[in-house]
Amino acid sequence: MTLRIGNASGFYGDRFDAMREMLTGGELDVLTGDYLAELTMLILGRDRLKDPAAGYARTFLRQLEDCLGLAHERSVKIVTNAGGLNPAGLADAVRTLAGRLGIPVRVAHVEGDDLTAAYPGALAAHAYLGGFGIAECLTAGADIVVTGRVTDAALVTGPAAAHFGWSPTQYDRLAGAVVAGHVLECGTQATGGNYSFFAEGDVRRPGFPLAEIHEDGSCVVTKHPGTGGFVDVGTVTAQLLYETGGARYAGPDVTARLDTVRLSQDGPDRVRIEGARGEAPPPTLKVGLNRLGGFRNEVTFVLTGLDVEAKAALVREQLGDALAKSPPADVRWELVRTDRPDADTEETASALLRLVVRDPDQAAVGRALSGAAIELALASYPGFHVVAPPGKGAPYGVFEDVYVPQAAVDHTAVLPDGTRLSVIPAQDTLVLEAAEEPDLPEPLPAGPTRRAPLGLVAGARSGDKGGNANVGVWARTDEAWRWLAHELTADRFRELLPESGGLTVVRHLLPRLRALNFVVEGILGEGVASQARFDPQAKALGEWLRSRHLDIPEALL
């Protein structure tokens with residue numbers, strides 16, 4: 001018996017018509033939608049400040065207005081975390097919509113994740129719940145289940161547990177569903193989107209993924225026939241490594257062992273995932289804290305032609321003098337040398353000097369900066385202009401994660417008839433520890449090498465987790481893996497990416513995936529919303545790594 005679960009959203013703002021595409025493109029039992037991320041919770045928190053009835057992903061309602069009839073006709077269950085900070089409010093809105101459309105649907109929701117009251121000063125504080133609240137709603141006959149902050153994989157583990165009747169201690173099966181959920185959660189990243197080797201298929205409009213989940217927890221990841229993109233071992237490997245760390249991938253229901261997962265091509269656009277082992281979950285739940293960190297402003301000066309360094313020094317000195325009376329708490333300058341000599345366009349003859357300021361007081365980063373910068377318009381370096389004038393300063397957010405005992409959270413399933421059912425927290429738990437490091441493969445025999453980009457023999461995908469970044473790197477052949485595992489150490493990683501110098505870089509080996517996963521601690525400051533870095537979510541950190549040159553064995557090239 002197979003359960004077909006598809007995904008129609010990887011983030012708040014994803015392709016609007018994906019829900020219709022997934023409902024009309026082929027058979028499905030369950031359609032999920034992932035709308036939440038660390039930054040999204042901050043955005044929804046600010047929405048709720050303006051309107052206490054807000055706090056959920058409004059685009060989901062608009063999508064549902066177009067597709068609720070389709071889902072009802074095809075008996076497809078819908079499970080989504082679009083409830084954000086207000087799952088009860090979204091559930092009510094769905095009922096109102098269904099009544100207006102005359103479509104009989106049973107709506108349930110999951111709550112208990114909101115711990116904001118326990119953290120004074122937090123804009124939003126939400127625990128990451130597991131999938132058994134979702135399972136209770138579906139078992140009670142819900143057609144649509146709305147949640148707040150659950151783990152992304154819970155959108156799959158919940159339906160799978162309900163469909164197959166899994167108990168909370170069937171860890172291997174739950175781990176398989178977690179792996180499937182992690183592959184699906186980011187939508188088209190599993191079907192060729194954001195993929196290192198994107199040129200190997202047509203990824204102009206990749207289709208959304210689905211998983212055929214089996215009772216033993218194994219699955220096949222695929223997509224609807226005729227949709228764009230492609231599914232192969234590489235695209236699935238890339239997504240498995242995304243925003244993970246070591247071999248133990250912990251969640252509220254189970255700790256999945258990523259080092260046990262086996263991937264194999266099961267036909268065109270079909271990848272089989274099997275072998276996942278699971279362990280008891282940790283005794284604690286992660287809680288994401290979002291708070292306002294202060295105010296931020298920026299201005300980017302364009303430096304064209306000759307004497308770029310001298311021009312940058314001049315404007316830095318001028319603005320430093322102007323801001324000296326009331327200097328912002330944090331001032332950061334970055335000169336980006338996008339210019340080249342004897343350029344045939346003005347843009348390619350220009351470099352960018354970026355100034356970012358932060359302060360708890362909006363006035364310190366608003367009028368003070370904008371006035372000082374604009375007053376230089378006729379009194380600074382030749383060719384003075386800016387990309388855009390600075391504004392009055394905008395609030396920025398700070399993310400932090402803390403942990404609470406599982407029993408401290410009142411995980412509640414609110415069933416279609418209004419019954420409130422408490423979900424029992426995990427009874428068997430296991431304190432999370434690092435897995436034993438596996439043995440390295442045999443190194444390649446010595447031979448001639450050539451200086452070349454790492455990306456010729458390895459793929460990568462990177463992302464953010466709070467202030468940390470992870471970079472997953474995988475080899476495409478056994479021979480390349482034998483070289484990569486010995487060559488790309490944590491120290492070599494720091495050499496190749498100097499921004500990680502001085503930071504803690506932890507390397508994890510995943511031999512079954514021919515992969516290394518690097519966690520770079522603190523590179524993103526206080527999280528994506530603080531925008532402490534040029535690439536605040538580390539989305540392109542892996543591609544930067546792939547562009548760096550090493551001495552690569554010629555046999556691999």
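The shown structure was predicted, so the numbers you read here are calculated from the model rather than taken from an experiment.
- The number of heavy atoms from other shown groups lying within 6.0 Å of CZ (Arg277) does not exceed 12.
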Practice item. Could you check Leu285 against Leu129 for side chain to side chain contact (heavy atoms under 4.5 Å, CB included), going step by step and ending with a plain yes or no? Key: CA-CA 7 Å; Leu285 295 179; Leu129 303 180; 4.3 Å; yes

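- Cation-pi check for Lys286 over Tyr128 is met; the charged atom lies under 6.0 angstrom from the ring centroid and within 45 degrees of its normal.
- Between Ala280 and Leu430, the shortest heavy-atom contact is O-CB, 3.7 Å.
- No more than 12 heavy atoms of other residues, nucleotides or ligands shown are found within 6.0 angstrom of CZ on Phe534.
- In this structure, a donor-acceptor pair under 3.5 Å is absent between the side chains of Thr429 and Gln406.
- Counted by atom type alone, Asn517 and Asn470 present one or more donor-acceptor pairs between their side chains at under 3.5 Å.
- In this structure, Glu27 places its CD atom where only 12 or fewer heavy-atom neighbours from other residues, nucleotides or ligands lie under 6.0 Å away.
- The distance from the CZ atom of Arg262 to the CZ atom of Arg512 is 6.0 Å, given to the nearest 0.5 Å.
- Checked against the 6.0 Å centroid threshold, Tyr56 and Tyr35 do not count as a close aromatic pair.
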Review point. Do Asp17 and Arg20 pass the salt bridge (Lys or Arg N to Asp or Glu O under 4.0 Å) test, and can you show the C-alpha distance, the side-chain angles, and the key distance before you say yes or no?
Key: CA-CA 5 Å; Asp17 58 3; Arg20 173 170 283 275; over 6 Å; no

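- Within 6.0 Å of atom OH in Tyr119, more than 12 heavy atoms from other residues, nucleotides or ligands are found, so the atom counts as buried in its surroundings.
- Contact of the Val402 side chain with the Leu289 side chain is registered, since non-hydrogen atoms from C-beta on lie closer than 4.5 Å.
- Within a 6.0 Å radius of CD1 in Ile424, no more than 12 heavy atoms belonging to other residues, nucleotides or ligands are found.
- Here the side chain of Asp535 pairs a donor or acceptor atom with the backbone of Ala540 at under 3.5 angstrom.
- Enclosure of atom CZ in Arg15 by more than 12 non-hydrogen atoms of other residues, nucleotides or ligands within 6.0 angstrom is indicated.
- Checking Glu212 against His214 by side-chain atom types alone, no donor-acceptor pair falls below 3.5 Å.
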Point to revise | Derivation of the salt bridge (Lys or Arg N to Asp or Glu O under 4.0 Å) call for Arg173 and Asp216 | key: CA-CA 6 Å; Arg173 299 179 185 197; Asp216 65 355; over 6 Å; no

